[in-house]
Amino acid sequence: KEMLQELLQSEHIRKSRKGGVGSTEFLEDSAHYDKIQLQGTKDGGATQREAMGLADVESSGTEHSKVYQFEIEPSMVQTVRKTCRDLGFPMLEEYDFRHDHLTPNLKINLKPFAQIRPYQEKSLAKMFGHSRARSGIIVLPCGAGKTLVGITAAATIAKSTLVFATTAVAVTQWKRQFLHWTSLSKKRVYMFTADHKERWDTKEACVVITSYNMVGHGGPRSREAAEIMKLIESQEWGLILLDEVHVAPAKTFRKCVASTHSRCKLGLTATLVREDTLIDDLFFLVGPKLYEANWLTLQYIATVECIEVACAMTPEFYHKYLEASARKQQLLYWMNPNKFRACEYLIRKHEARGDKVLVFSDCRFALEKYALTLKRSYLDGGTPNKERLALLERFQSDDKFNTLFISKVGDNSIDLPDVNVIIQISSHYAARRQEAQRLGRILRPKKVSSTRFNAFFYTLISKDTKEVFYATKRQRFLVDQGYSFRIVPSVEALIGNKGKGLRFSGKREQMELLAEVIAVDDLKADE
């Protein structure tokens with residue numbers, strides 16, 4: 001009670017109080033404590049919670065302690081959270097879902113085969129360790145099962161759930177995973193994307209899956225989309241799941257958090273980093289970091305070797321590089337013929353082993369040129385959603401389709417568990433988050449290998465260019481995370497005597513490529 005009175009000394013909090021600045025009375029209630037049965041575990045998670053010092057408190061036979069509270073205006077929630085944090089009283093958002101009799105219950109249970117791993121159980125024990133659902137962020141490496149953690153949280157709370165994903169492809173994948181892991185009826189799972197605008201009855205509990213862009217869009221909407229937005233904004237959600245939550249602080253995406261009403265929020269990410277200063281905003285937009293797993297301690301993900309290949313620029317390319325504009329310089333070091341040769345060699349090598357290879361390029365011109373020259377399929381932001389899903393499905397299931405070129409749309413929420421090789425030909429400057437996200441595409445558990453490593457992450461860098469500076473920062477991030485890292489000093493050291501037939505090995509082809517690059521509008525060199 002004294003703490004609440006101290007907080008009310010702040011003008012921001014007094015003005016946010018429901019009933020006006022002059023309100024002095026507090027609401028009184030009793031604290032309820034009940035054991036929570038965590039689905040997908042042998043004992044409901046009780047042993048894990050006890051081991052972490054989060055033992056359940058029985059309601060029966062214990063005296064209920066008093067809880068003092070006051071209400072604040074819904075529109076002022078973020079202001080109050082930020083003010084409390086600045087005053088040294090960070091807020092924890094907890095949802096007593098067991099005693100919420102006003103919100104409809106969702107008929108959902110995990111299927112018998114859905115057994116969560118020990119580290120997943122630990123992360124959820126942090127969320128449900130105090131007989132309530134605590135809002136916050138769970139950090140698990142890519143491939144460690146973040147989606148199942150989110151679905152288990154939704155099944156435990158069993159109230160209406162709103163899921164935010166990064167892309168329409170990810171929305172489809174989340175729906176597929178809900179239906180795979182739980183008993184939830186198809187009729188109670190809805191999608192809100194450009195291609196799917198499904199209405200639901202707000203009086204019945206359901207799961208709605210959408211993207212940050214769909215809700216954060218600030219422009220005009222179709223009548224159908226506007227009606228669904230009204231449903232989303234008017235409904236009281238038991239749980240909001242924020243996939244790849246590190247994108248939430250961005251101005252467009254934070255609208256998704258501000259415009260929706262929920263009792264509990266759970267953010268999921270593998271990379272709680274951003275290149276700006278907004279990452280701290282997550283702690284009052286969503287909640288504190290509840291749990292973070294170190295990939296080095298996990299036995300369920302692939303063993304990755306990170307390899308940087310230094311590719312010398314040809315004399316003609318380097319001469320043009322020295323006199324070019326900044327944007328043209330980027331295109332020149334991305335289109336370096338020796339980088340092309342290294343990429344083709346690595347594709348040949350790993351396809352011969354039966355590996356699945358993703359080749360990343362942030363530059364659309366480079367993406368198309370590499371893919372079309374090497375006669376491989378590619379996928380970028382302009383690929384229609386249906387075609388994108390079909391291409392990903394074929395890449396995943398067809399043993400003869402082993403290499404896919406992809407733009408930065410593949411950085412987040414692309415579910416390709418069999419991919420075990422990544423080749424980067426261009427990237428976003430020194431972005432640590434992108435490095436971690438791309439690496440995460442190959443961290444899914446892999447078959448046992450005869451060598452120490454069963455997954456490979458190649459970065460192709462043009463020597464003596466600005467690309468080296470950015471690569472060094474990204475390299476430092478990988479080393480700090482504990483990944484094995486080595487540098488191949490030249491393309492010749494990589495290829496050896498196996499370079500016969502590689503494209504752009506001769507002067508004529510190299511000069512033709514240079515002429516094509518020089519002719520490209522500088523805007524195409526932008527990302």
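Side chains included, hydrogens not; waters and symmetry mates left out as well; all remaining heavy atoms used. The first residue in the sequence is number 1, and the count goes up from there.
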Given the rule in the side-chain contact (heavy atoms from CB on, under 4.5 Å) test, do N338 and F317 qualify, once you have shown the distances and angles that lead to the verdict? CA-CA 10 Å; N338 283 324; F317 265 73; over 6 Å; no
Is there a side-chain contact (heavy atoms from CB on, under 4.5 Å) between F365 and E516 once you walk through the steps? CA-CA 11 Å; F365 175 81; E516 188 175 352; 4.2 Å; yes
Taking 4.0 angstrom as the limit, do [X] and [Y] come out as a salt bridge?
X	Y	answer
K339	E467	yes
D380	R364	yes
R348	E351	no

Donor-acceptor pair, side chain of [X] and main chain of [Y], under 3.5 angstrom:
X	Y	result
K328	V517	yes
T373	Y370	no
R221	H217	yes
S462	Y333	yes
T383	R388	no
Y321	D464	no
Q120	G145	yes
E244	T269	no
K197	A194	yes
D243	F164	no

Would you say that [X] contacts [Y] through its side chain, given a criterion of any heavy-atom pair below 4.5 Å between the two side chains?
X	Y	value
T161	V208	no
L379	F405	no
L358	L416	yes
L140	Y291	yes
S407	D362	no
I406	Y378	no
Y190	V207	no
I151	L110	yes

Working for salt bridge (charged side-chain N to carboxylate O under 4.0 Å, His left out), residues E224 and R199: CA-CA 9 Å; E224 195 176 10; R199 294 175 61 87; over 6 Å; no
Identified side chain to side chain donor-acceptor pair (under 3.5 Å) partner of Y458 from the options E305, E308, H350: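 For Y458, the side chain to side chain donor-acceptor pair (under 3.5 Å) test succeeds with only one of E305, E308, H350, which is H350.
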Among N420, N402, T403, which residue satisfies the side chain to side chain donor-acceptor pair (under 3.5 Å) criterion with D355?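 For D355, the side chain to side chain donor-acceptor pair (under 3.5 Å) test succeeds with only one of N420, N402, T403, which is N420.
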At what distance, to the nearest 0.5 angstrom, does CG of L514 lie from CG of N336?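 With rounding to 0.5 Å, CG (L514) is 11.0 Å from CG (N336).
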Gap separating the NZ atom of K369 from the CG atom of L374, nearest 0.5 angstrom: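 One gets 10.0 Å once the value is rounded to the nearest 0.5 Å.
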Given the rule in the side-chain contact (heavy atoms from CB on, under 4.5 Å) test, do C343 and L460 qualify, once you have shown the distances and angles that lead to the verdict? CA-CA 8 Å; C343 180; L460 309 184; 3.8 Å; yes
Restricting to non-hydrogen atoms, name the atom on I228 and the atom on E198 that form the minimum distance, rounded to 0.1 Å.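 Where I228 meets E198 most closely, the heavy atoms are CD1-N, 3.7 Å.
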Are R394 and F401 in a cation-pi contact, defined as NZ or CZ under 6.0 Å from the six-membered ring centre and within 45° of the axis?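 Satisfied, under 6.0 Å and within 45°.
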Tell me, please, which residues at least two apart from T172 pass side chain to side chain contact (heavy atoms under 4.5 Å, CB included).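 For T172 the side chain to side chain contact (heavy atoms under 4.5 Å, CB included) partners, ignoring immediate neighbours, are R176, M191, L389.
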Can you confirm whether D399 is buried at CG, in the sense that more than 12 heavy atoms of other residues, nucleotides or ligands lie under 6.0 Å from that atom?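 Counting neighbours around CG of D399, 12 or fewer heavy atoms of other residues, nucleotides or ligands fall under 6.0 Å, so no.
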Quick check, are the ring centers of W181 and F113 under 6.0 angstrom apart?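 They qualify: ring centres under 6.0 Å apart.
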Check the pair T459 / Q424 against side-chain hydrogen bond (donor to acceptor under 3.5 Å, both in side chains), numbers first and verdict last. CA-CA 5 Å; T459 302; Q424 285 193 115; 3.1 Å; yes
Derivation and outcome, side-chain contact (heavy atoms from CB on, under 4.5 Å), residues V169 and L392: CA-CA 10 Å; V169 171; L392 291 172; 3.9 Å; yes
Going by the rule side chain to side chain donor-acceptor pair (under 3.5 Å), which residues pair with E316 if we only count those two or more places apart in sequence or in a different chain?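 So E316 forms a side chain to side chain donor-acceptor pair (under 3.5 Å) with K507.
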